[in-house]
Undergrad: 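The structure's right below; bear with me while I get my questions together.
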Amino acid sequence: MTLAPLAQSRLLLTAIPGPRSIALHAEREKQVTTGFGVALPIFVERAQGAILQDVDGNRIIDFASGIAVTSVGASNPRVQAHVGEQLEKFTHTCFMVTEYDSFTAVCRWLNEHTPGDFEKRTALFSTGSEAIENAVKVARSATGRQRVLVFDDAYHGRSLLTMAMTAKENPYKLNFGPFPTEVVRAPFASPLRWPTGAENATADALAAVERILAQNGPETFAAMVVEPIQGEGGFIVPSPGFLPGLRDIATKHGIVLVLDEVQAGMGRTGALFASDYEQIAGDITVTAKALGGGLPLSAITGRIELMNAVHTGGLGGTYAGNPLACAAALGVFEALEDGSLVENARRIEVSARDILEPLRRATSIVADVRGRGAMLAVEFADTVTLLPRADLTKKIAALCHANGLLVLICGTFSNVLRLLPPLVIEENVLNEGLTLLRDMIQQVSDSANAAQMETVTA
Ligand SMILES: *Cc1c(COP(=O)(O)O)cnc(C)c1O
């Protein structure tokens with residue numbers, strides 16, 4: 001069956017959500033646990049490039065990419081071709097039972113392309129959380145130490161160990177404890193909200209890391225796990241020098257530096273990996289999300305002496321590196337091959353900053369426009385007091401959704417709108433989405449100002 005191409009344009013035929021989505025959502029509520037939330041309750045019929053088509057025939061501009069997964073575009077033809085071919089041959093053997101070469105090919109690409117000029121080995125898994133857990137397992141096995149250093153506002157997943165490593169209680173951890181011990185948290189050099197000013201963030205945060213290590217005994221730490229750009233925590237780019245500082249501290253104390261590139265990696269930020277911007281390499285680099293182009297695949301890639309320190313049989317998983325997921329990754333690698341998509345990510349940043357930066361002056365609610373490449377965010381807060389405005393963020397997201405633009409909220413204070421368009425997004429679609437977003441922000445800012453005037457004059 002070959003479908004006609006999906007038009008890369010926004011189209012609203014009904015209210016969002018439309019009647020068919022509303023009916024399907026009502027049925028969902030009868031069948032599905034309420035434990036799953038949903039950002040926008042529309043039911044998708046098709047997705048291609050940067051457009052989601054719902055069951056009511058509406059075409060939505062996608063600034064989410066399924067949380068940075070379909071970076072090479074929804075239904076990327078190269079991904080489809082590889083997966084289709086694999087689907088005809090076989091779907092599963094379990095790599096621990098019998099082997100297939102696509103697993104090796106994915107590992108080879110990651111060994112060659114992840115930062116670090118040293119010999120590497122790779123292990124494949126299915127989810128980001130699973131990969132992070134395995135990075136900790138490898139670090140513990142290789143060092144004989146137990147502790148893990150993580151950071152404020154970090155997000156590493158929803159499994160028990162990764163919940164412990166994740167910072168935010170609600171919704172990720174609430175009522176789900178007790179958690180594994182030996183997880184210690186340190187400040188992250190967040191420029192906007194650093195108490196003594198952005199210019200002090202790097203030095204202060206690194207000093208805090210050193211003090212926390214000294215307090216707990218640096219020789220008790222197996223790993224230091226850090227997102228080179230924080231994802232769920234608010235798309236926070238650490239102040240310059242923080243990551244290289246962590247690299248030095250980890251090396252000095254024999255701690256394995258694990259870079260969680262699950263959200264930021266695979267071209268998203270305008271470099272193949274976000275850590276490339278500060279020219280550092282983790283001892284282990286963790287990838288997932290965009291790696292499988294929409295199929296569940298994750299990986300840890302690290303120094304051979306770490307990765308091979310684990311006893312044979314110590315790592316694995318029934319679906320780890322599933323053949324369909326590996327085939328999808330080979331399609332992703334092909335799509336990234338000529339560098340044009342990574343370049344697009346940088347082009348997306350330029351367009352987005354052109355349209356969104358002026359809002360810092362034009363409104364009193366845009367406290368920050370930040371990010372790299374196609375991993376961008378707008379933080380809403382009182383621009384003087386930095387009081388977070390989750391209420392306005394929610395309003396702006398709702399207006400975008402109602403107008404056919406899918407955006408996601410993140411941040412410890414739920415006051416950050418994040419933009420994660422697929423890297424294949426066409427210029428006119430991107431600009432339409434950005435203009436719409438700008439207008440919605442302006443509208444909400446104006447009505448917030450009007451409301452404030454009313455309380456002042458009342
Ligand atoms: C999404 C994410 C994870 C967890 O990945 P899952 O596939 O959802 O388990 C871990 N780290 C970061 C930075 C993420 O964005």
Side-chain angles (χ1 to χ4, degrees), residues 115 147-156 164-169 182-261 263-264 269 274-283 360 366-372 375-388 410-416 418:
R147 285 204 167 114
V148 183
L149 189 77
V150 296
F151 293 87
D152 283 340
D153 303 303
Y155 182 86
H156 298 295
M165 296 166 68
T166 288
K168 192 175 178 179
E169 182 77 6
E182 313 312 325
V183 176
V184 177
R185 198 172 302 283
F188 188 82
S190 305
L192 181 70
R193 291 176 180 279
W194 195 262
T196 57
E199 66 282 9
N200 299 313
T202 293
D204 287 2
L206 290 174
V209 167
E210 282 283 27
R211 188 165 53 82
I212 287 165
L213 289 175
Q215 210 162 259
N216 292 281
E219 66 284 356
T220 67
F221 284 84
M224 185 188 284
V225 184
V226 65
E227 298 158 86
I229 297 180
Q230 290 189 322
E232 306 304 301
F235 276 35
I236 302 168
V237 183
S239 61
F242 180 62
L243 294 171
L246 291 181
R247 174 65 280 179
D248 291 345
I249 292 172
T251 303
K252 183 170 79 182
H253 296 300
I255 299 169
V256 176
L257 180 65
V258 178
L259 292 182
D260 180 347
E261 292 259 11
Q263 191 155 170
T269 64
S275 40
D276 289 338
Y277 279 98
E278 299 223 40
Q279 289 166 356
I280 61 150
D283 301 304
R360 300 168 84 130
V366 172
D368 205 6
V369 176
R370 61 172 176 259
R372 291 195 204 272
M375 184 173 186
L376 297 166
V378 185
E379 174 156 353
F380 298 100
D382 184 293
T383 46
V384 178
T385 64
L386 288 186
L387 185 79
C410 67
T412 295
F413 302 108
S414 306
N415 67 326
V416 179
R418 55 174 151 172

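Basis for what follows: all heavy atoms, side chains included, without hydrogens, waters or symmetry-related copies. Since the structure is predicted, the reported quantities are computational estimates derived from the model, not experimental observations.
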Undergrad: Search all heavy atoms of Leu259 against all heavy atoms of Ala281 and return the closest pair with its distance.
TA: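 Of all heavy-atom pairs spanning Leu259 and Ala281, the closest is CD1-C, 4.1 Å.
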
Undergrad: Rounded to the nearest 0.5 Å, how far apart are CD of Glu232 and CG of Asp153?
TA: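 Spacing of CD (Glu232) from CG (Asp153) equals 12.0 Å.
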
Undergrad: Does the side chain of Asp382 reach to within under 4.5 Å of the side chain of Leu386, using non-hydrogen atoms?
TA: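 No - every pair of side-chain heavy atoms lies 4.5 Å or more apart.
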
Undergrad: Within the 4.5 Å heavy-atom criterion, are Glu227 and His156 side-chain neighbours or not?
TA: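 Answer yes - side chains close enough.
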
Undergrad: Over all heavy atoms of both residues, which pair between Gly371 and Val237 is shortest? Give the atoms and the distance, please.
TA: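 Result for this residue pair: CA-CG2, 3.8 Å.
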
Undergrad: Taking all non-hydrogen atoms of both residues into account, name the closest pair between Ile212 and Pro187 and its distance.
TA: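 Nearest pair, atom of Ile212 first, then Pro187: CD1-CD, 3.8 Å.
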
Undergrad: In the structure I gave you, are the side-chain heavy atoms of Leu149 and Ile255 within less than 4.5 Å of one another anywhere?
TA: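 Of all side-chain heavy-atom pairs linking Ile255 with Leu149, none is under 4.5 Å.
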
Undergrad: Counting only N and O atoms by type, is there a donor-acceptor contact under 3.5 Å from the side chain of Thr220 to the main-chain atoms of Asn216?
TA: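 Pair found, side chain donor or acceptor close to backbone of Asn216.
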
Undergrad: What do you reckon, is CD of Gln215 surrounded by more than 12 foreign heavy atoms closer than 6.0 Å?
TA: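 Yes, because the 6.0 Å sphere around CD of Gln215 holds more than 12 heavy atoms from other groups.
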
Undergrad: Report the C-alpha distance between Val226 and Leu246 in whole Å, list the side-chain angles of each, state the deciding distance to 0.1 Å, and finish with yes or no for side-chain contact (heavy atoms from CB on, under 4.5 Å).
TA: CA-CA 9 Å; Val226 65; Leu246 291 181; 4.0 Å; yes

Undergrad: To the nearest 0.5 Å, what is the distance between CD (Glu199) and CH2 (Trp194)?
TA: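 One gets 12.0 Å once the value is rounded to the nearest 0.5 Å.
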
Undergrad: If the test is side-chain contact (heavy atoms from CB on, under 4.5 Å), which one of Val256, Val150, Val148, Ile249 qualifies with Met224?
TA: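 It is Ile249; the other options fail the test.
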
Undergrad: Roughly how far, to the nearest 0.5 Å, is NZ of Lys168 from OG1 of Thr412?
TA: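 Result: 6.0 Å between the selected atoms.
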
Undergrad: If the condition is salt bridge (charged side-chain N to carboxylate O under 4.0 Å, His left out), which residues does Glu169 pass it with, not counting sequence neighbours?
TA: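 Salt bridge (charged side-chain N to carboxylate O under 4.0 Å, His left out) list for Glu169, sorted by chain: empty.
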
Undergrad: Donor-acceptor pair, Ser239 side chain versus Ala201 backbone, under 3.5 Å?
TA: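 Looks like no, no N/O pair under 3.5 Å.
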
Undergrad: May I ask you to test the Val416-Asp368 pair for a side-chain heavy-atom distance under 4.5 Å?
TA: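 They are not in side-chain contact.
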
Undergrad: From Thr269 OG1 over to Asp276 CG, what is the distance, rounded to the nearest 0.5 angstrom?
TA: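 Those atoms lie 7.5 Å apart.
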
Undergrad: Taking the six-membered ring of Tyr277 (Phe, Tyr or Trp), confirm whether the NZ or CZ of Arg372 is under 6.0 Å from its centre and within 45° of its axis.
TA: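 Yes, Arg372 and Tyr277 form such a contact.
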
Undergrad: Less than 4.5 Å apart, side chain to side chain, heavy atoms only: is that true for Thr383 and Val366?
TA: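 Side chain of Thr383 against side chain of Val366, heavy atoms only: no contact under 4.5 Å found.
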
Undergrad: Are Val184 and Phe221 side-chain neighbours, meaning at least one heavy-atom pair lies under 4.5 Å?
TA: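 Sidechains of Phe221 and Val184: in contact.
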
Undergrad: Okay, side chain of Arg185, backbone of Phe151: is any donor-acceptor separation there less than 3.5 Å?
TA: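 Judged by distance alone, yes, a pair lies under 3.5 Å.
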
Undergrad: Please report the interatomic distance OG1(Thr196) to CG(Asp204), rounded to the nearest 0.5 Å.
TA: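 Nearest 0.5 Å value for the OG1-CG distance: 4.0 Å.
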
Undergrad: Answer yes or no: is there a side-chain heavy-atom contact under 4.5 Å between Glu278 and Pro228?
TA: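 Result no, sub-4.5 Å side-chain heavy-atom pair not found.
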
Undergrad: Do you see a donor-acceptor pair shorter than 3.5 Å between the side chains of Gln230 and Gln263?
TA: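 The criterion, which ignores hydrogens and geometry beyond distance, is not satisfied for Gln263 and Gln230.
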
Undergrad: Looking only at atom types and distance, does a side-chain atom of Asn415 sit under 3.5 Å from a main-chain N or O of Phe380, one as donor and one as acceptor?
TA: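 Indeed, once roles are kept as given, a pair shorter than 3.5 Å links the two residues.
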
Undergrad: Nearest 0.5 Å, please: how far is CG in Leu206 from CZ in Phe242?
TA: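 Between atom CZ of Phe242 and atom CG of Leu206 there are 6.0 Å.
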
Undergrad: Do Glu210 and His253 have a side chain donor and acceptor closer than 3.5 Å?
TA: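 Present: a donor and an acceptor within the cut-off.
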
Undergrad: Which of these passes salt bridge (Lys or Arg N to Asp or Glu O under 4.0 Å) with Glu379: Arg360, Arg193, Arg418?
TA: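 Looking at Arg360, Arg193, Arg418, the match for Glu379 under the salt bridge (Lys or Arg N to Asp or Glu O under 4.0 Å) is Arg193.
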
Undergrad: Heavy-atom distance under 4.5 Å between the side chains of Ser275 and Leu243, does that happen here?
TA: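 Heavy-atom side-chain distance check fails, nothing below 4.5 Å.
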
Undergrad: Do Arg247 and Asp283 meet the salt-bridge criterion of a basic N to acidic O distance under 4.0 Å?
TA: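 Yes, Asp283 and Arg247 are salt-bridged.
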
